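Note that this is a predicted model, so its numbers are computed, not measured. All heavy atoms count here, side chains included; hydrogens, waters and symmetry mates do not.
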Amino acid sequence: RTFGHSAAPPDLIGEDVAAALICVCAAGHGNHTDCHSSPIQIIFLDCKEDDQYWVSACIYSSETDAWGNWAAITTPSLVSSDSSALVGNSVYWKINFVEEDSNHILEFEPHSQRLGLIELPECVRENYMSDIHIMPAEDDGIGFAGVNYSSIHLWSRRIDFEAVAGWALLRIIDMDKLTLSGAPTGEIFSWSSVVAFARDSDVLFLQAEGGIFMVNIRSMQLRKVLEASGSAIYPYASFYTRGTSLQRLILQIHFFGGYMNTCQCCL
């Protein structure tokens, strides 16, 4: 796919950037198996630090071949570009946990071009050493995963019957009960963290001292995928419609360390 001459963000002033790409398909076109000509939106974050932290967002539309106005917000810290998720009509990024009050995630709503902060549970810093991964929750809300000793905790942000939003621990996965090639995992996950999530296949990627592992949170199947730890993991999905050429393959794209998802509907 090619873009117009305006497909470059204007007036960058920060040093850290993150991005997200969204396929704007028609409502009801949820499987995205033939949306090659659908319009797209590119969300670009520009992060800077002076006497305080600032995050600015700007959105590009392929329909108008133009960028919108910058929206800005002060944040407790800079954005972590390696942990983000598209849920519903919003894109979320984790805020780096470097300050005492940086226990938040950043939300950007493309339609209103609004930036906002959502506070995380107080236990995140203590229970997960602030090392969490933002992801869609099992109940389709925004959520996150964190490792506490040998357990993976899956959280979701919910709104109760009084319209009050809060966080709920949905599920705990005991990694001691997982097996690798039929054998117990032993001390493999004595130190580990969640580094990525593949939404379409319900797979979490775990970084441990022994390498990178993937675990299906439905079947509980575990597999080692990389020997080296410390690698950045960016899952992607690909497909093509029967009768079309492979040149029209749609991929999930990742650049500038940001999560760029071409397979989600924003309407």
Side-chain angles (χ1 to χ4, degrees), residues 1-48 54-75 78-94 105-117 134 136 142 199-200 232 234-267:
R1 174 175 295 188
T2 59
F3 305 109
H5 297 294
S6 300
D11 306 322
L12 291 177
I13 55 177
E15 297 182 358
D16 296 322
V17 294
L21 188 151
I22 305 170
C23 173
V24 190
C25 295
H29 196 202
N31 59 10
H32 300 278
T33 55
D34 194 15
C35 55
H36 313 294
S37 60
S38 298
I40 59 99
Q41 294 175 335
I42 299 174
I43 302 168
F44 207 90
L45 295 186
D46 187 21
C47 310
K48 70 171 184 175
W54 287 90
V55 175
S56 302
C58 191
I59 186 167
Y60 167 83
S61 170
S62 64
E63 293 182 286
T64 61
D65 187 26
W67 288 86
N69 296 323
W70 285 100
I73 190 173
T74 58
T75 58
L78 296 178
V79 169
S80 174
S81 59
D82 61 353
S83 180
S84 58
L86 172 64
V87 177
N89 292 335
S90 294
V91 183
Y92 301 85
W93 286 269
K94 188 180 77 173
I105 59 175
L106 178 74
E107 177 185 10
F108 179 71
E109 205 286 313
H111 181 71
S112 63
Q113 300 187 32
R114 180 187 62 86
L115 283 165
L117 291 174
I134 302 298
I142 182 61
R199 181 175 190 168
D200 293 337
Y234 297 108
Y236 69 90
S238 63
F239 61 83
Y240 73 96
T241 304
R242 180 176 297 178
T244 61
S245 66
L246 288 177
Q247 283 75 17
R248 300 182 70 185
L249 192 69
I250 301 297
L251 297 175
Q252 289 181 348
I253 307 169
H254 307 82
F255 76 82
F256 292 114
Y259 180 77
M260 302 192 61
N261 191 333
T262 67
C263 299
Q264 297 296 330
C265 179
C266 260
L267 295 181

- List the steps, then state whether side-chain contact (heavy atoms from CB on, under 4.5 Å) holds for Leu117 with Leu106. CA-CA 5 Å; Leu117 291 174; Leu106 178 74; 4.0 Å; yes
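To the nearest 0.5 Å, atom CG of residue Asn69 and atom CD1 of residue Ile59 are 12.0 Å apart. The structure places CZ of Phe44 at 7.0 Å from CH2 of Trp70, a figure rounded to the nearest 0.5 Å.
Take Ala72 and apply the side-chain contact (heavy atoms from CB on, under 4.5 Å) test, not counting sequence neighbours, and it matches Trp54, Ser56. In this structure Thr64 satisfies the side-chain hydrogen bond (donor to acceptor under 3.5 Å, both in side chains) test with no other residue, sequence neighbours excluded. Gln113 pairs by the side-chain hydrogen bond (donor to acceptor under 3.5 Å, both in side chains) definition with nothing, not counting sequence neighbours.
Ala57 and Leu45 make their closest contact through CB-CD2, 3.6 Å (heavy atoms, listed as atom of the first residue, atom of the second, distance). Val91 approaches Ala20 most closely through the heavy-atom pair CG1-CB, 4.0 Å. Minimum interatomic distance between Ala71 and Leu115 (heavy atoms only, all atoms of both residues): O-CD1, 3.3 Å. Across every non-hydrogen atom of His111 and Glu109, the tightest pair is N-OE1, 3.1 Å. The two residues Pro110 and Asn89 make their nearest non-hydrogen contact at CD-O, 2.9 Å.
Taking the side chain as every heavy atom from C-beta outward, Ile43 and Trp93 approach each other to under 4.5 Å. In this structure, Ile134 and Ser84 have side chains that are not in contact, with every pair of non-hydrogen atoms separated by 4.5 Å or more. No side-chain heavy atom of Ile40 sits under 4.5 Å from any side-chain heavy atom of Ile22.
Ring-plane geometry between Trp67 and Tyr60 is classed as tilted, the angle between the planes lying from 30 to 60 degrees on a 0 to 90 degree scale.
At distances below 3.5 Å, not a single donor-acceptor pair connects side-chain atoms of Arg199 with backbone N or O atoms of Ala85.
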